[in-house]
Structures are given as structure tokens and as C-alpha cells.
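Below: the structure, in C-alpha cells.
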Amino acid sequence: MSASDRVPTEILDLARSARRVTVLTGAGMSAESGVPTFRDAQTGLWERFDPAELATPEAWEDDPAQCWAWYAWRASLVRRADPHPGHVALAQWQARPGIDLWISTQNVDDLHERAGAGVLAHVHGNLFALHCASCGAPADVDYPPITEPVARLDPPGCHQCGGPVRPGVVWFGETLPERAFQDSVEAVQEADLVLVVGTSGLVHPAASIPDFAGARGVPVVEINPRVSKVSGSVDHVWRAPAGQALPALVSALD
Ligand code: APR
């Protein structure tokens with residue numbers, strides 16, 4: 001069975017004729033690299049940990065050591081993970097002559113970049129963009145290498161003001177980086193094709209970005225093995241894992 005046999009025809013036709021492609025990715029994009037999603041049954045992080053205790057400004061105020069320890073563990077998980085063929089396929093598609101491909105991700109990991117792709121926007125921040133929680137100064141420190149979750153670890157101090165250094169992620173209740181959000185909206189509005197890969201579509205305002213494409217009549221394709229909140233508002237769905245669908249799609253482009 002050739003690659004194109006495995007790709008739904010209408011999706012392949014759209015991909016072959018597209019010159020400007022915007023790809024919106026969520027935690028499902030990194031699942032096959034061994035980075036857990038948030039809401040998948042049993043394996044999702046929010047199935048095992050309480051976001052109210054770990055991923056809010058209030059949780060940080062209450063117990064920065066508990067939050068820092070958890071993000072240090074997540075950082076070590078990401079560092080031990082490798083990009084999968086789906087990440088590589090997007091980087092290859094992006095490198096094709098005559099193609100503009102923009103990636104906007106909700107993921108705070110660096111797997112797209114490690115696969116060689118340029119990322120337009122990390123709308124929920126970046127795990128490795130550490131900065132001071134008090135004065136905001138970028139922090140030239142790193143997470144301690146831990147392999148198993150530990151209860152508490154004191155965050156390092158800011159070189160400028162001594163305040164605690166925090167992960168560069170956007171916590172629940174915090175506003176998204178304005179530029180990242182705006183760039184993502186423009187990228188879907190200017191695209192010939194939008195792919196929505198591996199998101200439940202439950203967290204706003206990021207979940208509303210695909211709607212800006214639909215409003216401009218830009219075709220939107222969902223790649224997700226399961227039904228999500230965006231499934232009802234896209235033009236085509238492909239019920240397949242990203243690590244299989246994207247390589248099949250990109251190798252079928254020719
Ligand atoms: N390929 C494609 N999609 C997959 C795969 C896979 N291999 N495995 C799981 N999925 C899908 C799931 O079916 C689900 O719809 O990925 C989605 C993951 O959903 P969530 O765990 O809710 O992740 P996401 O949508 O990225 O979460 C949004 O919530 O917790 C916050 O800030 C965090 O950015 C995150 C935001």
C-alpha cells in the first residue's frame with residue numbers, strides 16, 4: 001500500500017495545491033514521542049496531577065517549590081524524548097521550495113524545533129524560557145536533571161532581583177502572549193490550508209484560532225485519532241495519529 005493510498009483523497013488534494021499552510025498543534029502532536037498529553041484517559045497529566053496546584057499563578061504563590069519540582073520533571077521528560085516522524089515530516093514540508101508553512105503550537109516543548117522546523121508561535125509559552133517571577137528578567141539557569149517526580153524543589157533565584165525563577169509557560173488564568181496569538185490568527189487567515197493536529201480544543205482562546213480560518217473560507221483539516229471539540233467545525237477529519245498521518249501526507253505530496 002503506497003503512502004497516498006493511506007491519505008484521504010480530499011486532504012491530499014488540498015495539501016498538494018496549498019502553497020501557504022498553517023499547522024496548529026497540541027499535546028497530541030508530542031504523544032508518540034512519549035510526552036504525555038493533558039486529558040487523555042489514564043495517561044493525561046491532568047488525570048494524575050491537579051492543575052489548580054501546579055499550573056496557576058495562585059499555585060505558584062502558595063508553593064513555588066512544588067510547582068518548580070513538577071516542571072523540572074516535565075522538562076526532563078521532554079529532554080529524554082525525541083521528535084517523531086510527524087515532527088520531521090512537518091519540517092520537511094516547511095523546507096519544500098515554494099511552500100510557506102507556519103507552525104503555531106500550544107505545546108511548551110521544543111520537539112518541533114529539534115526536528116528542524118521553525119515555529120511561528122508558542123501560544124502557551126515555552127518550558128525552557130525561564131524568567132524571574134518578580135522582575136521578569138530572563139534567567140540563565142536550568143532545571144535540575146530529575147527523572148522521577150519529586151514533591152518539592154526550591155526554584156533558583158533571579159540574578160537581578162533575587163526573586164524566584166519560574167517556567168516560561170502560560171498558566172491557567174494568565175493571558176496569552178499577545179504577539180504569539182495575533183501571529184497565529186494572521187497565519188490561519190492568510191493560509192490556503194490549515195491543519196489542526198492533536199488538540200482537544202478545550203482551552204481558549206487558543207481553541208478559537210481555527211475559527212478565524214473558517215471565517216475566511218480557508219479549508220481546515222483535523223488530524224486526531226479521537227473526536228475533539230474542533231471536530232464539528234472543520235472541513236475534513238483524519239482519525240489517525242500525527243506520527244503516522246503527517247509522514248504519509250508529506251511523502252504523498254509528489
Ligand atoms: N496524534 C494526534 N492526536 C493525538 C494523539 C496522536 N498520537 N494522541 C492523542 N491525541 C489527541 C487526543 O485525542 C486529544 O484530542 O490529542 C488531544 C490532546 O488533548 P489535550 O490533552 O487536552 O491537549 P491540548 O489540547 O494540547 O491542551 C490544551 O491545555 O492543559 C492545557 O496549556 C495546556 O496547552 C495545553 C492546553
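Whatever order the structure lists them in is the order used to number ligands and atoms, beginning at 1. In this chain, residues are counted from 1 in sequence order.
- Closest to atom 9 (C) of ligand 1 by heavy atom, among Leu45, Val169, Asp40, is Asp40.
- Between the side chain of Glu174 and the backbone N or O of Trp171 there is at least one donor-acceptor pair closer than 3.5 Å.
- Residue contact check: Phe172 has heavy atoms under 4.0 Å from atoms 30 (O), 31 (C) of ligand 1.
- Comparing Gly26, Gly198, Ser33, Ala31 by heavy-atom distance to atom 18 (C) of ligand 1, the nearest is Gly198.
- At a 4.0 Å heavy-atom cut-off, ligand 1 touches Ser200 through backbone and side chain alike.
- With a heavy-atom cut-off of 4.0 Å, Gln106 touches ligand 1 through backbone and side chain alike.
- Proximity of Val197 to ligand 1 is not established, as no heavy-atom distance is less than 4.0 Å.
- The single protein non-hydrogen atom nearest to atom 5 (C) of ligand 1 is Gly28 O, 3.5 Å, given as residue, atom name and distance.
- Of all the heavy atoms of Thr199, the ones lying under 4.0 Å from any atom of ligand 1 are found in both the backbone and the side chain.
- Surrounding CG of Asp50 are more than 12 heavy atoms belonging to other residues, nucleotides or ligands, all under 6.0 Å away.
- At the top of the distance list for atom 7 (N) of ligand 1, counting protein heavy atoms only, stands Glu32 OE1, 2.8 Å.
- A salt bridge links Asp63 with Arg152: the distance from a Lys NZ or Arg NE/NH1/NH2 to an Asp or Glu carboxylate oxygen falls below 4.0 Å.
- Residue-to-ligand polar distances place Phe38 within reach of ligand 1: an N/O pair is separated by less than 3.5 Å.
- Close contacts of ligand 1 with Pro241, meaning ligand atoms under 4.0 Å from a residue heavy atom, involve 1 (N), 6 (C), 7 (N).
- Val203 CG2, 3.7 Å is the protein heavy atom nearest to atom 36 (C) of ligand 1.
- Taking the six-membered ring for Trp and thresholds of 30 and 60 degrees, Trp73 and Phe49 have ring planes inclined between 30 and 60 degrees apart.
- Residue Ala242 has at least one N or O atom closer than 3.5 Å to an N or O atom of ligand 1.
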N/O donor to acceptor pairs below 3.5 angstrom from side-chain atoms of residues 195-213, sequence neighbours left out:
unit_1	atom_1	unit_2	atom_2	d
Thr199	OG1	Gln106	NE2	3.0
Thr199	OG1	Gly201	N	3.2
Ser208	OG	Pro205	O	2.6

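- Taking atom 30 (O) of ligand 1 as the reference point, the nearest protein heavy-atom neighbour is Trp46 NE1, 2.8 Å.
- Distances from ligand 1 to the non-hydrogen atoms of Asn224 include at least one value under 4.0 Å.
- Polar contact check, Ser228 against ligand 1: no nitrogen or oxygen pair lies under 3.5 Å apart.
- The protein non-hydrogen atom at the shortest distance from atom 34 (O) of ligand 1 is His124 ND1, 2.7 Å.
- Ligand-side atoms of ligand 1 in range of Thr37: 21 (O), range being under 4.0 angstrom from any heavy atom.
- For atom 27 (O) of ligand 1, the nearest non-hydrogen atom of the protein is Arg39 NH1, 3.1 Å.
- The side chain to side chain contact (heavy atoms under 4.5 Å, CB included) test with Leu193 is passed by exactly one of Leu14, Val218, Asp235, Val188: Leu14.
- Some N or O of Ala27 is nearer than 3.5 Å to an N or O of ligand 1, by distance alone.
- Checked for salt-bridge contact, Asp109 and Arg74 miss the test: no charged N lies under 4.0 Å from a carboxylate O.
- Using modelled atom types, one finds no donor on one side chain facing an acceptor on the other under 3.5 Å when comparing His84 with Gln244.
- For CZ of Arg179, the number of neighbouring non-hydrogen atoms (other residues, nucleotides, ligands) closer than 6.0 Å is 12 at most.
- With hydrogens and angles disregarded, no donor-acceptor distance shorter than 3.5 Å links the side chain of His124 to the backbone of Thr105.
- Neither Val185 nor Leu101 shares a network with the other; the hydrophobic side chains, linked directly or stepwise wherever heavy atoms of I, L, V, M, F, W or Y lie under 4.5 Å apart, form separate groups for each.
- Side-chain contact annotation: Ser33 with Arg114, donor-acceptor N/O pair under 3.5 Å absent.
- Checked for salt-bridge contact, Asp192 and Arg20 meet the test: a charged N lies under 4.0 Å from a carboxylate O.
- Contact analysis puts Pro225 in contact with ligand 1, with a non-hydrogen atom separation below 4.0 angstrom.
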